[in-house]
Structure formats: structure tokens, C-alpha cells
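Read the numbers this way: they start at 1 and go in the same order the structure lists the ligands and their atoms.
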Amino acid sequence: MSIQWYPGHMAKARREVKENLKLVDFVIELVDARAPASSQNPMLQEEIQNKPKLVVMMKKDLADPEVTKEWLDYFQSQFSYAIAIDVNNKKDVQQIAQAARQITQEKLDKQRAKGINPRNPRAMIVGIPNVGKSSLINRLAHKKKAETGDKPGVTKKQQWIKVKNEFELLDTPGILWPKFEDEAIGFRLASIGTIKDQILPQDEVAIYILNLLKDHYPDLMEARFGFSDFEDVVEAFDKIGKRRGALEGGGVVNYEKVAEIIIHDLRNDRLGRISFERP
Ligand SMILES: Nc1nc2c(ncn2[C@@H]2O[C@H](COP(=O)(O)OP(=O)(O)OP(=O)(O)O)[C@@H](O)[C@H]2O)c(=O)[nH]1
């Protein structure tokens, strides 16, 4: 996880995705349900052109269900097919095959009407680092990868995975960079663990999380840290440090440790279901 993106990497990633896109009939774009806009790649849509796209909001089990609903409505209104899943929930994962059927039905019907016996539609998964690409591919593959041999792939190693007889999935995902457009996006991506911890100051990420909790999730904050409001971040860090034992000699609060605790709690699902942005 946490690739650092340089222009050379970005150009290579874009080229690879572009090549693979030629092989598929539709695209499965993975985004993080907690920050669906910030975790989209800014240029993917350009490369996809007119191919149908299924947006899959991953990690729905970690996101605020009400906000996830708003995002589903939003994506669906943008002419994209959208679902939200927890990759560890079998029923959720099954929704992908159903959505694929919807997406490809029209084209298949047209081919059948012309007397053509259509082949299985093909798809690829695209998403930013750590969004859950490998987990989803493994679930869809049930660890068995259907090798079909004669189809073109960018590298010889690539294979197609047959998903419930509905479609075939390229076994290597496309990895693209997230948005780096403004500071708030950076904080969201740092909070969900997409960008390296060294890139943004950890205390600032922790302050961002505390402010989000205070403004949108005071009950979760109260449950975990014992308070839900603060005027001053130093005061808030002191309270958490004392409560959680992040102290140095003489009982002085170690702020670095407090920042780590806040980020760790969030990333490890200790706070509850949280979303970082609304449509
Ligand atoms: N709670 C939860 N965790 C998930 C879900 N999907 C993936 N994860 C976790 O997210 C982390 C990253 O998942 P990966 O499948 O490695 O993500 P990736 O997109 O392949 O990552 P890169 O290889 O870095 O590009 C892992 O710890 C997964 O267990 C989900 O739906 N819910």
C-alpha cells in the first residue's frame, strides 16, 4: 500500500490501464465508501470513454450507512451503476455479478437479435492503492483462476477469471493515483490509509480526525474518548493522552503518541462507522 506517486509512475500506470482497457467491455471502478470522491482517480473517466462503468464503494462496513446511501444515489444519478460492498460479505460480493448482468444486458440482447451468440463480457478492476482491489479479485476468483489461454493480455501472466458465468475479469487490477487536489482530500486519504504516513504531519491528520468527529460524530467520540467537544486541540490531546496513558516521565502527555492513537483507532475501526465526505 501507500505508493508515492512521481510523474514517471503516473505515466506508466496510465499507459498500463489504457492498454488493458482495450481488452474489456466494461470497467469496475473501486472507491473507498468513506471518501468516494477523494478516492476516485481524476483521469479514469477520460480513458474509459464510452464504456459502461460500475462504481463499487468498498469497505461499506467502515462507512456511515446514511452517507453511503447518499453517495449511491449520487453515482446512480451520474449514469454510473453503483453498489456498496463489504468484501467479507458473500452476499455483497455476489451483487457484482448481478450488476454486471444489468450493465451488459442491452448489448448482449442486441447481438442475440442479430443472430450472434455473444461471448462473455469482459471487465477490469481499477482503483487507487489500498482500496481493496486484490481482496475483491480473490473473492471473485474463489482462488481458482479460469485460464482461457487464447485471449490477449498485456503480459503473458494475465489471466481471465470467470465470474458466475456472467463475465470474465482480468486478474490484474489497474492501479491509479488518487486526487491530490487540495489539503482536505489529502487529510481524507491519509485518514483512510491511502497515502504514506510520512507525507502529511501525523498531528495534523489527527487534528483533522478530531474535528470531523466533533462536527459529525460526537457520540462516537464520546464513546471512545470520553468527551465530544473541545475548544482547543491541546486540551483535547491532553484528555486523550491521560485517558489512554500516552505519557512520558513526570506525567507529561506525549502528543506524538496521542496522534498515533487517534489515527490508529480510526483505521482499525475502533471508533465506529465514519464517512469523510458527502456528495
Ligand atoms: N473492512 C473492510 N476492509 C477491506 C475491504 N476491502 C478491503 N479491505 C482491506 O483493505 C486493505 C487493502 O486491501 P487490498 O485488497 O490489499 O487493496 P489493493 O487495492 O489491492 O491495494 P494495493 O495492492 O496497495 O493497490 C486490506 O487490509 C483489506 O483487508 C472491505 O470491504 N471492508
Side-chain angles (χ1 to χ4, degrees), residues 1-6 9-10 12-17 20-21 27-44 53-65 67-69 71-72 75 82-99 123-143 145 154-155 157-159 161 163 169-180 188-199 209 220 263-276:
M1 76 174 254
S2 300
I3 301 173
Q4 178 134 14
W5 293 96
Y6 296 105
H9 292 151
M10 292 159 94
K12 183 161 178 264
R14 182 174 187 159
R15 216 165 35 238
E16 283 175 4
V17 167
N20 283 332
L21 279 170
V27 177
I28 302 175
E29 182 188 23
L30 306 192
V31 299
D32 191 303
R34 295 165 295 173
S38 300
S39 58
Q40 279 191 303
N41 169 267
M43 54 119 270
L44 180 65
K53 178 170 87 170
L54 168 63
V55 176
V56 180
M57 296 169 64
M58 299 293 289
K59 312 191 187 186
K60 87 163 192 205
D61 52 308
L62 304 179
D64 179 337
V67 180
T68 298
K69 234 168 129 241
W71 278 108
L72 283 173
F75 284 123
I83 57 175
I85 72 164
D86 163 8
V87 84
N88 297 311
N89 179 320
K90 254 191 181 163
K91 274 205 176 130
D92 282 1
V93 174
Q94 282 168 2
Q95 284 183 51
I96 299 208
Q98 290 158 17
M124 76 178 289
I125 284 179
V126 177
I128 64 169
N130 203 40
V131 74
K133 299 178 295 299
S134 309
S135 311
L136 181 58
I137 290 174
N138 287 338
R139 292 297 187 286
L140 290 171
H142 302 295
K143 298 215 161 69
K145 287 176 185 170
V154 170
T155 68
K157 280 195 203 122
Q158 285 177 322
Q159 296 181 355
I161 296 160
V163 183
L169 177 69
L170 203 57
D171 76 343
T172 8
I175 306 173
L176 289 171
W177 56 92
K179 290 181 179 162
F180 301 116
R188 286 179 206 128
L189 294 172
S191 302
I192 63 174
T194 304
I195 57 178
K196 264 195 196 329
D197 283 348
Q198 291 83 335
I199 290 178
I209 294 168
L220 300 182
I263 296 170
H264 174 273
D265 278 7
L266 178 89
R267 289 196 191 148
N268 292 283
D269 198 17
R270 301 285 157 78
L271 289 160
R273 301 176 69 168
I274 288 172
S275 293
F276 289 84

A.B. asks: Measuring from I125:CD1 to M58:CE, what's the distance to the nearest 0.5 Å?
C.D. replies: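 Output value for this atom pair is 7.5 Å.
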A.B. asks: Out of K59, K60, M57, whose heavy atom is nearest to atom 10 (O) of ligand 1?
C.D. replies: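 Residue with the shortest heavy-atom distance to the ligand atom: K59.
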A.B. asks: Could you tell me the separation between the CG atom of D61 and the CG atom of D269, rounded to the nearest 0.5 Å?
C.D. replies: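 One finds 7.0 Å between CG of D61 and CG of D269.
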A.B. asks: Among G174, S134, A33, which residue places a heavy atom closest to atom 23 (O) of ligand 1?
C.D. replies: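 Considering heavy atoms of G174, S134, A33, the nearest to atom 23 (O) of ligand 1 sits in S134.
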A.B. asks: Counting from 1, what ligand 1 atoms have a heavy atom of L62 closer than 4.0 Å?
C.D. replies: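 That gives atoms 1 (N) of ligand 1.
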A.B. asks: Output yes when D92 and K60 qualify as a salt bridge under the 4.0 Å nitrogen-oxygen rule, no when they do not.
C.D. replies: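 Between K60 and D92 there is a salt bridge, with a charged N closer than 4.0 Å to a carboxylate O.
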A.B. asks: Looking only at atom types and distance, does a side-chain atom of K179 sit under 3.5 Å from a main-chain N or O of A37, one as donor and one as acceptor?
C.D. replies: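 Side chain of K179 to backbone of A37, a donor-acceptor pair under 3.5 Å: yes, one is there.
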A.B. asks: Heavy-atom contacts with S135 under 4.0 Å: which atoms of ligand 1 show up? List them by number with element.
C.D. replies: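 Here the atoms of ligand 1 in question are 7 (C), 13 (O), 14 (P), 15 (O), 28 (C).
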A.B. asks: Do side-chain atoms of R273 reach the backbone of A63 as a donor and acceptor pair under 3.5 angstrom?
C.D. replies: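 Yes; at least one donor-acceptor contact below 3.5 Å.
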A.B. asks: Please identify which atoms of ligand 1 are closer than 4.0 Å to at least one heavy atom of D86.
C.D. replies: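 Those atoms are 30 (C), 31 (O), 32 (N).
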A.B. asks: Taking the side chain from D265 and the backbone from R270, do they hold a donor-acceptor pair closer than 3.5 Å?
C.D. replies: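 Side chain of D265 to backbone of R270: no pair is present.
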A.B. asks: Please report whether ligand 1 has a polar contact with V87, defined as an N or O pair separated by less than 3.5 Å (distance criterion only).
C.D. replies: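 There is such a contact, yes.
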A.B. asks: Just distances here: any N/O of N130 and N/O of ligand 1 closer than 3.5 Å?
C.D. replies: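 N/O-N/O distance under 3.5 Å: yes.
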A.B. asks: Does an N or O anywhere in M58 fall below 3.5 Å from an N or O of ligand 1?
C.D. replies: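 No; every N/O pair is 3.5 Å or more apart.
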